[in-house]
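The first residue of the sequence shown is numbered 1, and numbering continues consecutively from there. Predicted model, so just to flag it, every value in this text is computed and none were measured.
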Amino acid sequence: GDALSCELDLPVAIEPADGAGRQAEAITLLSALAHIEDLRKDDGSEDHGDLPLLAQRMDAKLDLILALLGRLARRDDGLVDRRLHWSCHGLRVDLEPGQHPPPGAAAIVRLQPADWLPDHLALPATVVACEQGHAGTRVWLAFAGLRADLVEALDRHLFRLHRRQVAEQRRR
């Protein structure tokens, strides 16, 4: 409705589970990704010896490396590339039949927000609806109980993804 959304292919998994997910880690990951993306836009200023910008970039990269090392120590993959429609309110994803919780069930949505970083978000959701199709089951999930700062970080991340998609379409 009133929220920005993107349709894209991302590694994702839906798991039946109660809980709040990893909201603090999701905020940290999305903030670091945003910081790196913002710094990439300003790459030209690095040539002029802008040390504070370089230090900020190194700090953001270090945050991501530490998060990645933590995730590798736990090593719980299971994410599969799928087409999804994603907004800060929830997502729609196509799954194989029988690979989803029933409507009304609590779930954790695990998805990888950046293709170049093998770390993922773990967000609490509720299965809103399921629809059987020829290729599988289309599942709609609404995020449940997200912190306000996480909703804001998701919205900013989705804006960046949308802006990148528009730029790619213009190049074609």
Side-chain angles (χ1 to χ4, degrees), residues 1 3-37 60 63-131 133 135-166 168:
L4 181 67
S5 64
C6 294
E7 190 152 340
L8 63 164
D9 295 317
L10 284 178
V12 64
I14 312 298
E15 301 168 349
D18 283 328
R22 297 177 13 212
Q23 293 190 42
E25 292 173 21
I27 293 166
T28 301
L29 177 60
L30 291 172
S31 296
L33 287 171
H35 194 72
I36 287 175
E37 297 248 342
D63 286 346
L64 289 174
I65 289 170
L66 291 173
L68 177 60
L69 287 174
R71 297 295 309 140
L72 288 174
R74 288 182 274 218
R75 199 69 179 150
D76 60 352
D77 276 346
L79 303 181
V80 177
D81 275 346
R82 301 197 184 277
R83 188 76 176 164
L84 56 92
H85 193 92
W86 183 20
S87 83
C88 65
H89 299 298
L91 60 90
R92 182 197 73 214
V93 63
D94 295 328
L95 302 172
E96 282 82 26
Q99 285 194 342
H100 60 85
I108 295 291
V109 175
R110 294 187 311 127
L111 63 96
Q112 183 178 323
D115 57 359
W116 54 270
L117 182 69
D119 195 8
H120 67 269
L121 306 174
L123 306 172
T126 302
V127 178
V128 176
C130 303
E131 180 181 283
T137 304
R138 181 161 281 182
V139 181
W140 286 266
L141 297 115
F143 295 131
L146 295 185
R147 295 171 30 176
D149 49 351
L150 177 53
V151 172
E152 184 179 326
L154 277 172
D155 216 17
R156 281 193 314 263
H157 182 71
L158 290 165
F159 176 76
R160 284 182 169 79
L161 290 174
H162 177 74
R163 187 175 59 200
R164 193 175 310 137
Q165 285 179 336
V166 169
E168 286 175 14

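- The two residues Ser5 and His162 come nearest to each other via the heavy atoms O-ND1, 4.2 Å.
- Among pairs with a residue in residues 27-36, none fulfils salt bridge (Lys or Arg N to Asp or Glu O under 4.0 Å), at least two apart in sequence or across chains.
- Rounded to the nearest 0.5 Å, atoms CD1 (Ile108) and CG (Leu141) are 11.0 Å apart.
- Atom OG of Ser31 sits about 9.0 Å away from atom CG of Leu150, to the nearest 0.5 Å.
- With hydrogens and angles left out, the side-chain atoms of Glu7 and His85 include a donor and acceptor closer than 3.5 Å.
- Arg22 places a side-chain N or O within donor-acceptor distance of the main-chain N or O of His120, the cut-off being under 3.5 Å.
- One finds the CZ atom of Phe143 at 11.0 Å from the OG1 atom of Thr126 (value rounded to the nearest 0.5 Å).
- Proximity of Leu154 to Leu123: side-chain heavy atoms (C-beta onward) are separated by under 4.5 Å at one or more points.
- Under a 3.5 Å cut-off, the side chain of Gln23 and the backbone N or O of Pro124 do not form any donor-acceptor pair.
- In terms of heavy-atom proximity, Val128 sits nearest to Pro103 at O-CB, 4.0 Å.
- For His157 (side chain) and Pro113 (main-chain N/O), a donor-acceptor pair under 3.5 Å exists by modelled atom type.
- By the 4.5 Å heavy-atom criterion applied to side chains, Leu30 and Arg156 are not counted as neighbours.
- Rounding to the nearest 0.5 Å gives a distance of 7.0 Å between CG of Leu161 and CG of Leu10.
- When atom types are taken as modelled, the side chain of Gln112 and the backbone of Leu79 share no donor-acceptor pair closer than 3.5 angstrom.
- Closest approach of Ala114 to Leu33, counting heavy atoms only: CB-CD2, 3.9 Å.
- Note that NE2 of His89 and CG of Leu4 are 10.0 Å apart. Values are rounded to the nearest 0.5 Å.
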Quick one: do Glu168 and Arg164 satisfy salt bridge (Lys or Arg N to Asp or Glu O under 4.0 Å)? Show the steps, please. CA-CA 6 Å; Glu168 286 175 14; Arg164 193 175 310 137; 5.6 Å; no
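- Evaluation of the side chain to side chain contact (heavy atoms under 4.5 Å, CB included) rule for Pro101 yields Ile14, Pro16, Ala105, Ala107, Val127 as partners, not counting sequence neighbours.
- Looking at Leu64 and Leu29, their side chains come closer than 4.5 Å, going by heavy atoms from C-beta outward.
- Here CG of Leu146 is found 13.0 Å from CD of Glu152. Values are rounded to the nearest 0.5 Å.
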